[in-house]
Amino acid sequence: MAEIALKLPDGSLRTLPAGSTGADLAADIGPGLAKAAVIVEVDGEERDLSAPLDDGAEVSIVVADSPQGLHTIRHSTAHVMAQAIQALWPGTQLAIGPPIEHGFYYDVELPGGKTLTTEDLETIEAKMRDIVAADQPFERHELSIEEGLAKFADHIYKREIIERVAEGDLAGEDAGEVGDGIISYYANSDDFLDMCAGPHVPSTGRLGHFKLQKVAGAYWRGDVTRPMLQRVYGTAWATRKQLAQHLAMLVEAEKRDHRRLAAELDLVSWPEELGPGLAVWHPKGANVRRLMEDYSRERHERGGYEFVYSPHIAKSVLWETSGHLDFYADSMYPPMEMDGASYYPKPMNCPFHVMIFRAQQRSYRELPIRMFELGTVYRYELSGAVHGLMRSRGFTVDDAHIFCTREDVQAELASLLEFVLSVLRAFGFDQIQAKLSTRPSEKSVGDDDIWVAATAGLKAALETAELDYVVDEGGGAFYGPKIDVDVTDAIGRAWQLSTIQVDFNLPGRFGLEYVASDGARKQPVMIHRALMGSIERFFGVLIEHYAGAFPAWLAPIQARVLAVASDHEDYADKLVADLKAAGFRADQVAADDPLGKRIRNAKLEKLPYVLVVGDDDVANGTVGVNRRGGEVERDVPVAAFVEQLAAEVADHT
RNA sequence: GCCCGAGUAGCUCAGUCGGCAGAGCAAUUCACUCGUAAUGAAUAGGUCAGGGGUUCAAUUCCCCUCUCGGGCUCCA
């Protein structure tokens, strides 16, 4: 009997009878692997375990508990959900159902325009459990495009996908649905089939650790002019434990929601009278913000930046020259007519900084010029996009613009990235990732040389900083390449915060120039840099990262002094005064409520320290120190506490 | 902007199948003066988001608007 030789990931060779499948290979290696296997990768291509393997192929078994395995489980679970929905509402049209981070969704259109409710999710879940219990096989079938069009004639969305493939237009979102020139579908029972590129787990019994989460509207192909479909989201995992952990993380995320904590901790609010996306900062929130901004200013000053200010509105000519009115008018607040001119609230600070550069003739000796402004901008975000502090209509950008020579770009980018990382780390973010976006394939400005040099400069900066990064080919703006910096928060969520963008466009639009050493007029390169990005959003991320329990250096109140009884209030007063004199933020609550109650309130406010003073302390000049998340320490000399708090503030711990 | 859902006291929520609006916490007052996460009593607090309609009667049913939430789209 003929045999095939297979190369395994460890480099070893294994021979099996011709016609053997991935499942056979896994079983041959061991029963544990056979049980864990979900699909097989053959020469870098994912396939069903039931597919025959090719002689000489490099083969690796993909197990459930791997990124690819999870991907497959989520994809297959999406299919089971579609099957359940179709069983419950016959005539349902299926659109697309891809895996996503942590889960999957499926876009469907129910007969009669029915919309799904949260209650329906339970019904669908129950049906899915039946399908899982039935352990139906995922059977793959392949068709030509013509056969596919015939087979899916009644499936309006699937047919549209096939038609697009036939035209050679294989868009990213369809990639999960169809292969290259071949239409495949999976049938796992007599009455359900779904067009899909696969691969899938061998049978529905391999699934089960899932939960449906929410239902929402989604446009077909993301196009507002196309029908609104029902999108059902779910999460799926390899094990029960993973699912439980994920659900626990979601509960934790809800507890940390900055909108909830902003109200509970009296930080900011959004009075209806102001309009959507416009917040007012209460004293405690404003206190944290001031500390954030002061720290930022101090770092920028040390980093060689010059501080500038600009007005909130400017005449239309500025925005015409910058190009904003051509490209971004939809996101700008409408103009105010004054003295025959139109004044627009600013959506960005850069044109103003350009004006400052242009205010006098610049020499190469002055460059690089680094301008910094905490500039408040207004952008007309769509009403449905506004979201707490994370997406506001008015917000403040920690905006820096650097004007330098082409020769200086690389060195400037390297020190810039270093600066950004250092400040982010000071705010408690130590898991940082980046994305490098390169020249778009369509229209873009600037010659090749400068794109190549700037992109290489960004890349070198990332490598010098030893930062993990991915490359988004063609993802840059038309005016230059960029780096986006993400941080991972305390519960594993990524937030994009900083951005460093090289700009070959604005200097030309505004005719910027400097005099080079040879006397020639040259155009400077401009680098845009936002570090926290929006101060509002950064604050929101900090609230969620710290769950409202700010470290001592940022806490709006660092220590609350509580007198055991009224007799000790004079001593408490003095302690508060001494702490304030030493530069700390402290307050006191009178002994009108029992001590336990006052401690509880301080704990609910998530204050770093509660200081309790009674008879012993008055007699000995000590305090009782109740540290957030720590043990109670009695009889601590005041000087010792001050020293400890000062160290904590200095270290940002 | 689009789809779906929600809006009752400062906060968290109950309630009214159409008939005078309820609790806990918070607030205020009084008493209690206490050594590490809730002392007790009393008082006050609402055009039931806003506007219109149906009705003898609307917080409740219907329509519109506003705001919020989850998504879609967008995020220079």
Side-chain angles (χ1 to χ4, degrees), chain A residues 105 107 113-120 213-233 254 257 259-260 263-264 266 269-277 319 322-332 347-348 350-351 377 379-388 390-393 395 397 477-480 482 496 499 501 503 505-506 528 530 533-534 537 562-569 590-605 610-617 623-628 630-635:
Chain A
Y105 67 81
D107 285 348
K114 176 183 163 57
T115 54
L116 291 167
T117 64
T118 315
E119 292 80 66
D120 290 329
Q213 294 171 300
K214 51 195 158 202
V215 57
Y219 300 113
W220 168 233
R221 312 199 77 90
D223 182 342
V224 290
T225 65
R226 307 299 304 270
M228 174 72 69
L229 307 173
Q230 294 284 299
R231 175 170 295 180
V232 184
Y233 285 90
E254 206 176 316
D257 188 316
R259 291 163 303 183
R260 168 202 290 258
E264 286 176 1
D266 195 19
S269 63
W270 293 269
E272 254 192 47
E273 288 81 349
L274 306 199
W319 310 109
S322 70
H324 286 100
L325 275 179
D326 284 340
F327 293 106
Y328 313 115
D330 285 351
S331 299
M332 290 171 67
M348 294 186 82
C350 31
V377 299
R379 299 181 188 177
Y380 181 75
E381 301 288 355
L382 290 178
S383 62
V386 168
H387 179 88
M390 302 304 188
R391 198 71 178 273
S392 312
R393 284 183 171 171
F395 58 96
V397 184
F478 72 89
Y479 52 78
K482 64 171 178 175
Q496 194 205 305
T499 177
Q501 306 191 0
D503 186 343
N505 179 49
L506 268 195
H528 304 257
S534 146
R537 181 165 179 274
L562 300 178
V564 171
S566 302
D567 293 349
H568 315 118
E569 279 178 4
D592 293 334
D593 280 320
L595 181 63
K597 170 76 166 283
R598 287 176 287 146
I599 288 173
R600 178 168 196 270
N601 287 341
K603 293 292 179 186
L604 291 175
E605 287 180 52
V610 180
L611 304 178
V612 175
V613 294
D615 288 336
D616 299 347
D617 302 295
V623 289
V625 177
N626 185 332
R627 184 188 177 140
R628 183 177 63 205
E631 299 282 301
V632 172
E633 234 186 311
R634 285 285 298 271
D635 307 318

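Lettering of chains follows the sequences in order, A, B, ..., and the numbering in each one begins at 1. These numbers come from a predicted model, not from an experiment.
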Show each protein N/O and nucleotides 44-48 of chain B N/O combination with a separation under 3.5 Å, one pair to a line.
none

Which value, in whole Å, describes the distance between the C1' atoms of nucleotides B:rC62 and B:rG24? 35 Å
Rounded to whole Å, please give me the gap between CG in A:Asp567 and C1' in B:rC32. 14 Å
Non-hydrogen side-chain atoms of A:Ile599 and A:Leu562 separated by less than 4.5 Å: yes
B:rU60 to B:rC17 separation - P atoms, rounded to the nearest Å: 13 Å
Of A:Leu229 and A:Tyr479, whose closest RNA chain B nucleotide lies nearer the 5' terminus? A:Leu229
When the C1' atoms of B:rA6 and B:rG50 are compared, how many Å lie between them, rounded to an integer? 16 Å
Would you write out the dot-bracket form of RNA chain B, 5' to 3', with Watson-Crick and G-U pairs under 3.5 Å, [ ] for crossing pairs, | for pairs to other strands and . for unpaired bases? (((((((..((((.....[..)))).(((((.......))))).....(((((..]....))))))))))))....
For A:Tyr105, ring-ring contact (aromatic ring centres under 6.0 Å, His included) partners two or more places apart: A:Tyr233
Separation between CG (A:Asp593) and CG (A:Asn601), nearest 0.5 Å, reads 7.0 Å
Do A:Phe327 and A:Tyr479 pass the ring pair (Phe, Tyr, Trp, His ring centres under 6.0 Å) test, and can you show the C-alpha distance, the side-chain angles, and the key distance before you say yes or no? CA-CA 13 Å; A:Phe327 293 106; A:Tyr479 52 78; 9.4 Å; no
Take A:Leu611 and A:Val625 through the test side-chain contact (heavy atoms from CB on, under 4.5 Å) and record every step on the way to the result. CA-CA 5 Å; A:Leu611 304 178; A:Val625 177; 3.9 Å; yes
Determine, step by step, whether A:Met348 and A:Val397 satisfy the side-chain contact (heavy atoms from CB on, under 4.5 Å) criterion, reporting the C-alpha distance in whole Å, the side-chain angles of both residues, the deciding distance to 0.1 Å, and the verdict. CA-CA 8 Å; A:Met348 294 186 82; A:Val397 184; over 6 Å; no
Side-chain heavy atoms of A:Pro594 within contact of A:Arg600, under 4.5 Å: no
B/S/- along nucleotides 64-73 of chain B (protein heavy atoms under 4.0 Å) is ---SSSBBBB
Hey, could you give me the CE/CZ distance between A:Met332 and A:Arg379, rounded to the nearest 0.5 Å? 10.5 Å
Rounded to the nearest 0.5 Å, how far apart are CG of A:Asp107 and CZ of A:Arg221? 11.0 Å
How would you label the contact of A:Glu264 with the nucleic acid (heavy atoms, under 4.0 Å): base, sugar-phosphate, or nothing? nothing
Taking every heavy atom of A:Ala591 against every heavy atom of A:Ser566, the minimum-distance pair comes out as CB-N, 3.9 Å
Counterpart residues, ring-ring contact (aromatic ring centres under 6.0 Å, His included), relative to A:His568 (two or more places apart): none
Could you give the distance separating B:rU73 and B:rC66 at their P atoms, to the nearest angstrom? 24 Å
What does nucleotides 35-42 of chain B look like as a protein-contact string, B for base, S for sugar-phosphate only, - for none, at under 4.0 angstrom between heavy atoms? BBBBB---
Point-to-point distance, once rounded to the nearest 0.5 Å, from CG of A:Asp616 to CZ of A:Arg634: 5.5 Å
To the nearest 0.5 Å, tell me how far A:Glu569 CD sits from A:Asp567 CG. 9.0 Å
If I pick the P atom on B:rG40 and the same atom on B:rA57, what distance separates them, to the nearest angstrom? 47 Å
To the closest 0.5 Å, what do you measure between NE2 (A:His387) and CZ (A:Arg259)? 4.0 Å
Considering only atom C1', compute the distance from B:rC4 to B:rU16 and round it to an integer number of Å. 26 Å
What is the distance, rounded to the nearest whole Å, between atom NZ of A:Lys482 and atom C1' of B:rA76? 9 Å
Rounded to the nearest Å, what distance is computed from the CG atom of residue A:Leu506 to the C1' atom of nucleotide B:rA76? 10 Å
Rounded distance in Å between the P positions of B:rC3 and B:rU28: 46 Å
Please give the distance between the C1' atoms of B:rC61 and B:rU43 as a whole number of Å. 37 Å
